[in-house]
Amino acid sequence: MISTLNEHIIETSPTEAHTRCAKSSFIPLSLCLTLLKDLETSIEVVAEQIYGEKNKWNLIAITEAVKVCIRLVIFRKTGYKMLLEGGETENGENDSDSFSPQETKRQLGKPTGNEESCITKTLNAQNSGNLADRAITALSSFGKQATMQHPQAIMEPPSKLAERPSLWTFLSEKGVPGGFLVTGEILFIIRPLVYVLLMRKYGTRSWFPWCVSLAVDLIGNSILSVTLMSQHSGKNPQLQFSDSEKDELKRRRMLWALYLMRDPLFTKYTRQRLESTQRLVQPIPILGFVAEKIIEILIGVQTRYTYISGS
């Protein structure tokens, strides 16, 4: 958790714009989600020690419920964009990212006289002094020009400049593809909580939680994949997926491999295959030792829900 906070402090740029944004959000929700994920294994261990193996699911369910609430708020605040890394990474993609270079140039336009003067001063400053002097000169000239051109925009909070659309507005603008995106993301968000609640009721030996969780994953990902394919075919001009969102879909599919580590499939199938593989390579000096340690680690990891939850 200390490392997470340290990375957040280092990656946060101490600019004036960030200072204004920090006033409206004391702690980013993505940071809260990351800290909770760092803490959830300890929560599981403590719950098992205090309440036992069967009753630990109560505290795990509360943890997953908190994560669901945080992710829903992030989903709302980002304007109903796809959650990257489960909400831990900010989805900063906007519609202008999908424009061609020619469209971008047309939107940006040519610099004004004041902007040209600012650029000239910056270039002249780069020819003299060290790196720190050039940076200070550039920032100073840019800040003066920006204040002269848009003094009201500098003082106005960013939240007022770009209002987030409501769910009804988003669905009205994006149409059916927008509805598919919202449905797929909600299924992705609530899936871990549904799985934990079913595990709490039916136990680890039941196939019902495993099958329901897999079905929710398949349905949610299929909905998002259909929306993505409609974009490739040109039938979906309202909703465009960025490259990072496409990579996120691939990451979610890779998480399906964790179903091999979840009971009852692990106990009845995966563990037997691992043990048979260990017996097969055991006579080989180095490979047998390495395989034994890897399988031992996998069996130990499987005993903790938070290691194989994929949430």
Side-chain angles (χ1 to χ4, degrees), residues 29-30 33-34 37 40 60-61 63-65 67-93 97-98 167 170-171 174-199 206-266 269-270 302 305-311:
L29 291 175
S30 57
L33 186 61
T34 304
K37 292 187 66 175
E40 61 182 359
I60 295 177
T63 305
E64 290 293 350
K67 289 162 65 176
V68 167
C69 294
I70 294 176
R71 284 176 175 143
L72 287 175
V73 174
I74 294 175
F75 186 48
R76 167 67 181 88
K77 287 193 171 184
T78 55
Y80 304 101
K81 295 180 180 179
M82 183 182 296
L83 299 182
L84 304 181
E85 300 290 337
E88 295 183 72
T89 302
E90 180 182 359
N91 189 347
E93 301 288 346
D97 295 335
S98 58
L167 179 59
F170 177 81
L171 295 178
K174 305 300 182 180
V176 176
F180 283 166
L181 174 62
V182 172
T183 303
E185 283 301 289
I186 291 178
L187 289 176
F188 169 75
I189 291 172
I190 67 173
R191 197 275 313 165
L193 178 60
V194 172
Y195 177 71
V196 169
L197 292 176
L198 293 176
M199 288 287 288
S206 174
W207 281 97
F208 186 65
W210 190 92
C211 293
V212 171
S213 177
L214 179 60
V216 173
D217 258 339
L218 291 175
I219 294 173
N221 202 282
S222 298
I223 292 174
L224 295 175
S225 298
V226 169
T227 308
L228 178 61
M229 286 188 294
S230 65
Q231 172 188 336
H232 291 325
S233 62
K235 299 178 180 179
N236 180 16
Q238 300 97 337
L239 189 64
Q240 300 293 325
F241 284 84
S242 62
D243 292 337
S244 57
E245 290 172 338
K246 295 175 184 177
D247 293 338
E248 172 64 17
L249 283 178
K250 297 178 183 177
R251 186 192 73 88
R252 294 181 185 181
R253 295 191 191 102
M254 293 179 63
L255 290 177
W256 292 351
L258 292 175
Y259 281 96
L260 296 174
M261 299 293 293
R262 296 172 188 162
D263 282 329
L265 183 65
F266 180 82
Y269 179 81
T270 307
Q302 194 274 336
Y305 160 79
T306 50
Y307 289 155
I308 58 174
S309 63
S311 63

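Throughout, numbering of the chain's residues begins at 1 and tracks the sequence.
Using modelled atom types, one finds a donor on one side chain and an acceptor on the other under 3.5 Å when comparing S213 with Y259.
Side-chain contact between E245 and L249 is absent, with no heavy-atom pair separated by less than 4.5 Å. Proximity of V216 to Y195: side-chain heavy atoms (C-beta onward) are nowhere separated by under 4.5 Å. Within the 4.5 Å cutoff, the side chain of R71 has no heavy atoms near those of the F75 side chain. Contact check for K67 versus P192: no side-chain heavy atoms found under the 4.5 Å cut-off. Using a 4.5 Å heavy-atom threshold, the side chains of D263 and Q302 count as touching. At a threshold of 4.5 Å between non-hydrogen side-chain atoms, the residues F266 and I308 do not count as touching. Side chains of L29 and L33 form no contact here, defined as non-hydrogen atoms less than 4.5 Å apart. No side-chain heavy atom of M82 sits less than 4.5 Å from a side-chain heavy atom of F188.
The structure places CH2 of W210 at 12.5 Å from CE of M199, a figure rounded to the nearest 0.5 Å. Taking CG of L224 as the reference point, atom CE of M229 lies at 11.0 Å (rounded to 0.5 Å). With rounding to the nearest 0.5 Å, the separation of CG in L171 from CG in L181 is 9.5 Å. With rounding to the nearest 0.5 Å, the separation of OH in Y307 from CD in E40 is 10.0 Å. Here the straight-line distance linking atom CG of L260 with atom OH of Y269 works out to 8.0 Å at 0.5 Å rounding. Note that the NZ atom of K81 and the CZ atom of F170 stand 10.0 Å from one another [nearest 0.5 Å].
Minimum interatomic distance between R253 and S225 (heavy atoms only, all atoms of both residues): NH2-OG, 2.9 Å. Of all heavy-atom pairs spanning E64 and S311, the tightest one is OE2-OG, 3.2 Å. The two residues G310 and L255 come nearest to each other via the heavy atoms O-CD1, 3.7 Å.
Between E185 and R252 a salt bridge is recorded (basic side-chain N to carboxylate O distance below 4.0 Å).
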